[in-house]
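To keep things clear, I will list the structure first and then write my remarks on it.
Numbered from 1 within each chain, the chains take letters A, B, ... in sequence-line order.
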Amino acid sequence: VRAAWLIARDELRLTVRNRVALFGLAILVALSLLAALTAIAHRDANESLRARFQASANQVFDAQPARHPHRVVHYGHFVFRPLPALAAFDPGVDAFTGNSRYLEGHRQNSANFGDVRQSSLLMRFGQFTPAFVLQAVAPLVLIFVGFGVVARERERGTLRLLQTHGVRVQQILAGKSLALVALAGVMLAPAVLALAWLVLANEAPLGPALLIALSNAVYLLIWVAAVVFASSLVAYARTALITLTALWAFTVILVPRIAPDVGAAAAPGLTRLETDIAIQRDLRRLGDSHNPNDPVFAAFKARTLQLYGVTRVEDLPVNYRGLLALEGEKLTAKLFDAYAAAQFAQQTKQSRVADAFALLSPAIALRRVTMALAGTDLAGHRRFLLQSEAYRFAIVQQLNQLQATALSYADDSNRNQDPAAGRRVRIDPKHWQAVPDFAYQAATPRDKLVAAWPGLAVLAIWLVALVGAAPFVVRRVQAAAG
Amino acid sequence: MSLWLHELRLFLRQRAAVPTLLVMMLLASAAVLAGMAEIARQTDAIARIQPQQADDVAAIARWVSQDGDAGSAAYYTFHATWDTPSSLAFAALGQRDVVPYLLRVRALGLEGQLHESENYNAELALPGRFDWAFVLIYLAPLLLIILLHDLQSSEREAGRMGLLQAMAPPHARLWQRRIGLRMAALFAALIVPFLLGALASGSRPAAVLAVVLLAAAYLLFWAWVAHGIGRWQLSSLANAAALVASWLCLTLIVPALAHMVIQSAIPVRQGVELTLAQREAVHAGWDRPKAATMQAFFNAHPEWRQTAPVTSGFHWKWYYAFQHVGDMHVANQVAAYRQGLEARDRWTRRLGIILPAVGVQTVIHRLANTDLRAQLAYQDRIREFHAQLRRFYYPYIFNEQPFRQAEFSQAPRWSTGHAGSERE
């Protein structure tokens with residue numbers, strides 16, 4: 001063990017003396033710090049902007065004058081997806097999904113104004129975040145610093161010299177790995193600081209933050225092993241450099257771009273336009289609310305009359321128009337939910353197929369883990385879509401209920417002909433203030449862990465496989481040294 | 001000529017040569033095929049919606065035409081629009097995966113409809129698309145680096161440099177020839193799949209030529225970088241490291257940094273603000289005296305001033321008037337939002353003058369019509385179409401004429417003139 005320590009210390013001393021390596025390391029740390037600072041500022045600004053928009057939307061909703069409740073159904077509400085604190089580490093799909101949604105009766109609108117539609121193509125080069133620096137850039141710097149750790153010794157003949165002095169190959173590789181692990185630790189430090197800041201100052205959950213740090217550490221360990229192994233197995237340092245760079249380009253740049261195509265092809269989905277048309281078609285099949293003789297709505301009418309024991313809608317103790325609105329909204333909402341569920345299932349399948357490529361590229365596994373733990377994965381967006389739809393349904397039905405109970409059928413029917421009735425159907429604004437505000441429930445640490453575990457498992461598989469390959473590499477080095 | 005052949009033989013005998021060229025060919029072919037498949041999928045979707053859309057309109061026409069209420073016709077009928085991919089889009093898919101290329105609009109306020117999102121899997125969009133432009137911008141330089149990093153240093157390291165310099169008098173020619181040869185070979189492996197794809201897609205020759213020249217210029221830039229670093233007389237190893245570091249900076253780090261700077265320097269929160277404002281303006285219409293709404297509307301559309309006035313109660317005239325007044329109300333914000341987006345795009349273009357990767361990215365996507373400008377141009381065509389729809393419905397609404405089956409079939413249709421993506 002002592003020999004390994006000595007070798008590690010020696011290697012580190014060499015790195016410090018090697019200006020190129022030191023420069024690369026310094027640049028990475030600087031980039032990492034810059035990414036952390038800007039990402040935190042960006043997230044804070046975005047979050048406060050959304051909070052402000054949400055507050056003003058709540059305020060204008062409550063400040064509505066006396067109105068017919070159905071007008072308020074069409075006036076609708078705006079909700080904004082809050083940005084979790086850990087989005088400062090990995091914003092995930094935040095910029096690729098709309099973050100505001102207009103909620104109104106009878107319609108399910110999309111979440112709009114994602115950054116991706118508001119940006120030039122520059123966005124597709126990648127976003128500058130701590131996650132990006134650690135996933136994409138840090139491995140390349142590790143490669144630059146480490147490709148020669150063993151190959152250089154071999155080229156100079158010092159590898160054999162060490163062995164003749166009784167240093168075992170295991171000790172050499174362990175020492176070299178240790179040195180690279182120390183450098184990886186330096187690379188990780190700014191990100192860990194940023195995570196600590198997010199936990200302390202922005203109330204980011206501790207468990208997920210720790211796990212993000214840990215999984216990035218494992219990812220860098222995987223690269224350390226790859227660098228040391230490649231450096232051990234090739235004859236020349238240059239071959240190690242080219243092999244490792246190719247490996248990096250393949251796993252970090254190429255595979256993450258190919259995986260989505262395969263995923264999308266595995267489960268093609270409907271466009272929004274087709275979904276809209278299909279929903280309208282199903283609605284017509286369900287019953288035509290415009291047709292007074294439609295069997296579905298005729299049956300609803302009969303059922304309602306029977307329930308209240310009257311023969312005419314005019315005799316109902318409640319406003320029949322409100323009841324109709326309640327029933328209609330229930331039917332459409334059920335369809336919206338069914339189509340949304342189908343779309344979610346299809347997209348989950350796509351993502352799962354794309355995630356399988358993590359077996360070829362640990363970067364994909366790491367991205368899954370950090371997005372899931374930060375709450376910025378597709379599941380996080382889906383939470384927002386589901387909760388905002390549930391909220392839409394709840395407030396629309398609350399307003400429809402008001403129409404049924406606070407308005408008389410006669411007034412509601414004559415509101416356009418009789419000015420007095422028109423005034424009476426405009427009910428007091430206190431009713432709008434009684435509508436609860438949207439309260440987004442973020443994923444719990446447990447939810448996040450469930451979403452992250454496939455990625456964590458793949459990272460563990462990679463690490464175990466590389467550690468398991470160590471004896472093989474040691475034997476090859478021994479054999480090569482004769 | 002024989003010199004070139006000789007050099008080619010030398011080149012192909014190198015261990016990295018044939019695999020590198022094969023990888024280039026394979027990646028370029030896969031990217032072209034993937035791009036063509038994606039475009040076929042989009043074209044299919046556009047074709048697929050036509051009968052569905054016709055059925056949808058027919059179903060509405062069936063019940064609306066019974067009492068012939070034009071206001072209901074305009075309210076319930078959605079009109080499909082689409083953005084046909086250009087014949088070069090297969091090579092640079094750009095933003096078409098995240099921006100709707102299909103959108104339905106109706107004659108109500110447009111601003112609430114224009115910013116609808118497409119149903120796409122954001123996790124799949126996040127890493128960017130695998131298309132030919134990606135292979136050109138990111139991967140081709142890396143492969144060129146493999147071929148060029150040891151061009152001079154390997155001769156030096158093998159001890160042949162002195163010999164080479166002593167032998168051929170104009171020895172700059174030798175390096176030009178060697179670099180040119182490697183570049184040409186890699187270029188061929190990159191461009192042939194593209195040309196085949198362009199042929200299959202019926203791309204415009206001028207645009208194809210532009211892409212070919214652009215790709216050549218881009219590779220030339222990287223060859224120049226490799227040659228420049230080669231002249232520092234470093235070891236092959238240091239050359240490779242320096243080149244990969246340059247690549248990392250020029251294609252990943254600096255663009256990502258620049259994106260961040262542009263996004264924060266030019267905020268575009270007007271998008272949300274204008275939808276909030278438009279909704280306020282539209283809904284305030286219900287509470288405002290009807291005469292005020294009609295007055296604002298007549299200022300924009302004096303041709304309907306003389307029609308029967310709206311008195312009490314509900315009238316479609318008034319309804320469509322305040323829908324349009326809502327749009328007019330936010331015209332300034334719409335313009336500001338648009339200017340913000342264009343400013344972001346403009347700065348990206350300026351950046352492209354300095355950063356070749358960004359420059360190639362912007363030019364190729366402009367040629368393919370898949371960039372932000374294409375997205376805004378599609379929105380402009382939708383605006384035009386929406387105005388056409390309003391002009392179509394207004395006579396029935398303001399003159400209170402019945403709207404029957406025949407009228408449904410006369411409604412404006414999104415035509416090839418709207419859909420054409422090849423202009424500019």
(Q) Set out, in order, the CA-CA distance, both residues' side-chain angles and the distance that settles side chain to side chain contact (heavy atoms under 4.5 Å, CB included) for A:Ile143 and B:Val244, then state yes or no. (A) CA-CA 11 Å; A:Ile143 289 171; B:Val244 174; over 6 Å; no
Q.
Between B:Leu252 and A:Ile253, does the side chain to side chain contact (heavy atoms under 4.5 Å, CB included) criterion hold? Intermediate values first, please.
A. CA-CA 10 Å; B:Leu252 278 187; A:Ile253 303 292; 4.0 Å; yes
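The minimum heavy-atom distance linking B:Gln263 with A:Ser119 is given by the pair NE2-OG, 3.0 Å. Annotation for B:Ser117 and A:Arg117: closest pair CA-NH1, 4.1 Å, computed over non-hydrogen atoms. Across A:Leu241 and B:Ala240, no two heavy atoms sit closer than the pair CD2-CB, 3.5 Å. Shown here for B:Leu124 and A:Ala354, the closest heavy-atom pair between the two residues is CD2-CB, 4.0 Å. Shown here for B:Thr251 and A:Phe125, the closest heavy-atom pair between the two residues is O-CD2, 3.2 Å. Looking at every heavy atom in both residues, B:Arg279 comes nearest to A:His77 through NH2-CA, 3.3 Å.
If you measure heavy-atom distances from B:Leu139 to chain A, the contacts under 4.5 Å come from the side chain alone. Residue contact with chain A, scored on non-hydrogen atoms closer than 4.5 Å, is absent for B:Leu355. When heavy atoms are compared at a cutoff of 4.5 Å, B:Arg48 approaches chain A solely by way of its side chain, counted from C-beta outward. For a residue to count as touching a neighbouring chain, one of its non-hydrogen atoms must lie under 4.5 Å from one of that chain's; by this rule A:Leu140 touches chain B with the side chain only. Proximity to chain B is limited to the side chain of A:Ile242, based on heavy atoms less than 4.5 angstrom apart. Residue A:Ala265 does not touch chain B at all, counting heavy-atom pairs closer than 4.5 Å. Using a 4.5 Å cut-off between heavy atoms, B:Leu27 contacts chain A through its side chain alone, with no backbone atom that close. With a 4.5 Å cut-off on non-hydrogen atoms, B:Gln53 touches chain A through its backbone and its side chain both. In this structure, the portion of B:Gln375 lying under 4.5 Å from any heavy atom of chain A is its side chain and not its backbone. B:Ala357 touches chain A through backbone and side chain together, each having a heavy atom under 4.5 Å away. With a threshold of 4.5 angstrom between heavy atoms, B:Leu102 approaches chain A through its backbone and through its side chain. Looking at B:Ile145, there are no atoms closer than 4.5 Å to chain A (heavy atoms on both sides), in backbone or side chain. If you measure heavy-atom distances from A:Glu274 to chain B, the contacts under 4.5 Å come from both the backbone and the side chain. When heavy atoms are compared at a cutoff of 4.5 Å, A:Thr245 approaches chain B solely by way of its side chain, counted from C-beta outward. Neither the backbone nor the side chain of A:Arg50 comes within less than 4.5 Å of any heavy atom of chain B. Contacts of A:Asn109 with chain B are made by both backbone and side-chain atoms, with heavy-atom separations under 4.5 Å. In this structure, chain B has no heavy atom under 4.5 Å from any part of A:Tyr236. If you measure heavy-atom distances from B:Ala245 to chain A, the contacts under 4.5 Å come from both the backbone and the side chain. For a residue to count as touching a neighbouring chain, one of its non-hydrogen atoms must lie under 4.5 Å from one of that chain's; by this rule B:Leu143 does not touch chain A. In this structure, chain A has heavy atoms under 4.5 Å from both the backbone and the side chain of B:Ala258. Within the 4.5 angstrom heavy-atom criterion, no atom of A:Asp418 approaches chain B. Contacts of A:Leu31 with chain B are made by side-chain atoms alone, with heavy-atom separations under 4.5 Å and no backbone atom involved. With a threshold of 4.5 angstrom between heavy atoms, A:Leu49 approaches chain B through side-chain atoms but not through N, CA, C or O.
No donor-acceptor distance shorter than 3.5 angstrom exists from the side chain of B:Glu116 to the backbone of A:Asn112, with no hydrogens or angles considered. Of the possible donor and acceptor atoms, none in the side chain of A:Arg124 sits under 3.5 Å from a partner among the backbone N and O of B:Arg129.
Between atom CZ of residue A:Arg368 and atom CD of residue B:Glu123 there is a gap of 4.0 Å, rounded to the nearest 0.5 Å. Between the CZ atom in A:Arg272 and the OH atom in B:Tyr120 there is a gap of 12.0 Å [rounded to 0.5 Å].
Contact count versus chain B (heavy atoms, under 4.5 Å) is highest, among A:Gln127, A:His68, A:Arg67, for A:Arg67. Heavy-atom pairs under 4.5 Å with chain B were tallied for A:Val60, A:Leu270, A:Leu254, A:Asn99; the largest tally goes to A:Leu254. Annotation: maximal heavy-atom pairing with chain B below 4.5 Å, among A:Gln346, A:Arg367, A:Arg426, A:Gln64, occurs at A:Arg367.
Comment: B:Asp56 engages A:Arg284 in a salt bridge, judged by a side-chain N to carboxylate O separation of less than 4.0 angstrom. A salt bridge is defined here as a Lys NZ or Arg NE, NH1 or NH2 lying under 4.0 Å from an Asp or Glu carboxylate O, and A:Arg281 with B:Asp55 fails to meet this definition.
By the 4.5 Å heavy-atom criterion applied to side chains, A:His42 and B:Met260 are not counted as neighbours. Residues B:Asp287 and A:Arg71 have side chains in contact (heavy-atom distance under 4.5 Å, counting atoms from C-beta outward). Under the 4.5 Å side-chain criterion, counting only non-hydrogen atoms from C-beta, B:His149 is in contact with A:Arg238. Two residues are said to be in side-chain contact when any heavy atoms from C-beta on lie closer than 4.5 Å; A:Arg257 and B:Phe134 meet this criterion. In this structure, B:Glu273 and A:Phe53 have side chains that are in contact, with non-hydrogen atoms separated by less than 4.5 Å. The closest side-chain heavy-atom distance from B:Thr362 to A:Ser120 is not below 4.5 Å. Counting heavy atoms from C-beta outward, B:Val272 and A:Phe80 have side chains that approach closer than 4.5 Å. No side-chain heavy atom of B:Trp82 sits less than 4.5 Å from a side-chain heavy atom of A:Leu273.
A distance of 6.0 Å or more separates the ring centres of A:Phe128 and B:His259.
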